[in-house]
Amino acid sequence: GMLRGAALGAAGILLPFEVRVAVASLLALVALAIGSLELLGRKVPLPQFDRETPQRWLHKGALTWALLNGSFLGVGVTSRIGFWLWYVVPLGAFLFADPALGAAIYGAYSVARGAAVWAIILGLNIGLLGDDWQERFIARFPAAQTIAACQLFLIGLAGTIAIEL
């Protein structure tokens, strides 16, 4: 994750500062609009391919499979994702145009995602989640969508305010 963030931060340097500010301004307004619509119950379609990563990758060995799967899932548009909010991570890393900050953004994202997996594994091993944990997670998806829409709206608001300052 950190390597992807650093690469995006380095790639962002190629765009002039004025262009990055203009793109960030536009994206902040888009985040406000999409976050608002989704908070009002209007689902805005995501730009993505609605598919899983190929099963044949499993036969390439654990490390190769993890690298391929993580790369394709991390891009977002190459597979199925659930929330507009997930586009904030790569766009933020790119628009800040700083490899160290990009690595920090993606590193924080990776730690959060990785910690969630270990929390689930630990919960299963010590019996905290119960047998119906998958159904309970799926049942909470609408609440997760609302939380993600609220976060997207707030990020758009913060971005708009920060750019105006």
Query raised in the report: Do I147 and I34 share a hydrophobic cluster, counting only Ile, Leu, Val, Met, Phe, Trp and Tyr and linking them when any side-chain heavy atoms are less than 4.5 Å apart?
Result: no

**Report entry** From F96 atom CZ to I105 atom CD1, the distance as rounded to the nearest 0.5 Å
**Finding:** 5.5 Å

Query raised in the report: Is L8 linked to L3 within one hydrophobic cluster, defined over Ile, Leu, Val, Met, Phe, Trp and Tyr using a side-chain heavy-atom separation of less than 4.5 Å?
Result: no

Requested in this report: Determine, using the 4.5 Å side-chain heavy-atom cutoff (strictly less than), whether Y109 and M2 are members of one ILVMFWY cluster.
Outcome: no

Query - Shortest non-hydrogen contact from A28 toward T160 - result: CB-OG1, 3.5 Å

**Report entry** Residues Y106, R4; criterion side chain to side chain contact (heavy atoms under 4.5 Å, CB included); working and verdict
**Finding:** CA-CA 7 Å; Y106 251 92; R4 179 181 297 270; 3.2 Å; yes

Requested in this report: Kindly give the heavy-atom pair with the smallest separation between A93 and G102, and that separation in Å.
Outcome: CB-CA, 3.8 Å

Requested in this report: Please test L95 against L27 for side chain to side chain contact (heavy atoms under 4.5 Å, CB included), starting from the C-alpha separation and ending with a verdict.
Outcome: CA-CA 10 Å; L95 291 172; L27 290 175; 3.7 Å; yes

Query raised in the report: Taking only residues two or more places apart in sequence or in another chain, which ones pass side chain to side chain contact (heavy atoms under 4.5 Å, CB included) with L85?
Result: F83, V88, A148, Q151, L152, I155

**Report entry** hydrophobic_cluster_shared for W86 and V44, side chain cutoff 4.5 Å
**Finding:** yes

Query - Closest approach of D98 to A100 (non-hydrogen atoms, all atoms of both residues) - result: OD1-N, 3.0 Å

**Report entry** Connected via hydrophobic side-chain network under 4.5 Å: I161 and F153
**Finding:** yes

Query raised in the report: Which heavy atom in L39 sits nearest to a heavy atom in C150, and how many Å separate them?
Result: CD2-N, 3.9 Å

Query - Check: F94 and V23 side chains under 4.5 Å, non-hydrogen atoms - result: no

Report task. Apply side chain to side chain contact (heavy atoms under 4.5 Å, CB included) to the pair L46 and W84, showing each step before the final yes or no. Result -> CA-CA 7 Å; L46 288 154; W84 277 96; 3.5 Å; yes

Query - Non-neighbouring partners of A97 that pass side chain to side chain contact (heavy atoms under 4.5 Å, CB included), sequence neighbours left out - result: I13, R20

Requested in this report: Not counting sequence neighbours, which residues clear side chain to side chain contact (heavy atoms under 4.5 Å, CB included) with A6? List them please.
Outcome: P99, A103

Query raised in the report: Take atom CD in Q55; do more than 12 heavy atoms of anything else shown fall under 6.0 Å from it?
Result: no

Report task. Evaluate the criterion side chain to side chain contact (heavy atoms under 4.5 Å, CB included) for residue pair E38 and Q145; output intermediate values, then yes/no. Result -> CA-CA 8 Å; E38 294 215 345; Q145 284 181 310; 5.5 Å; no

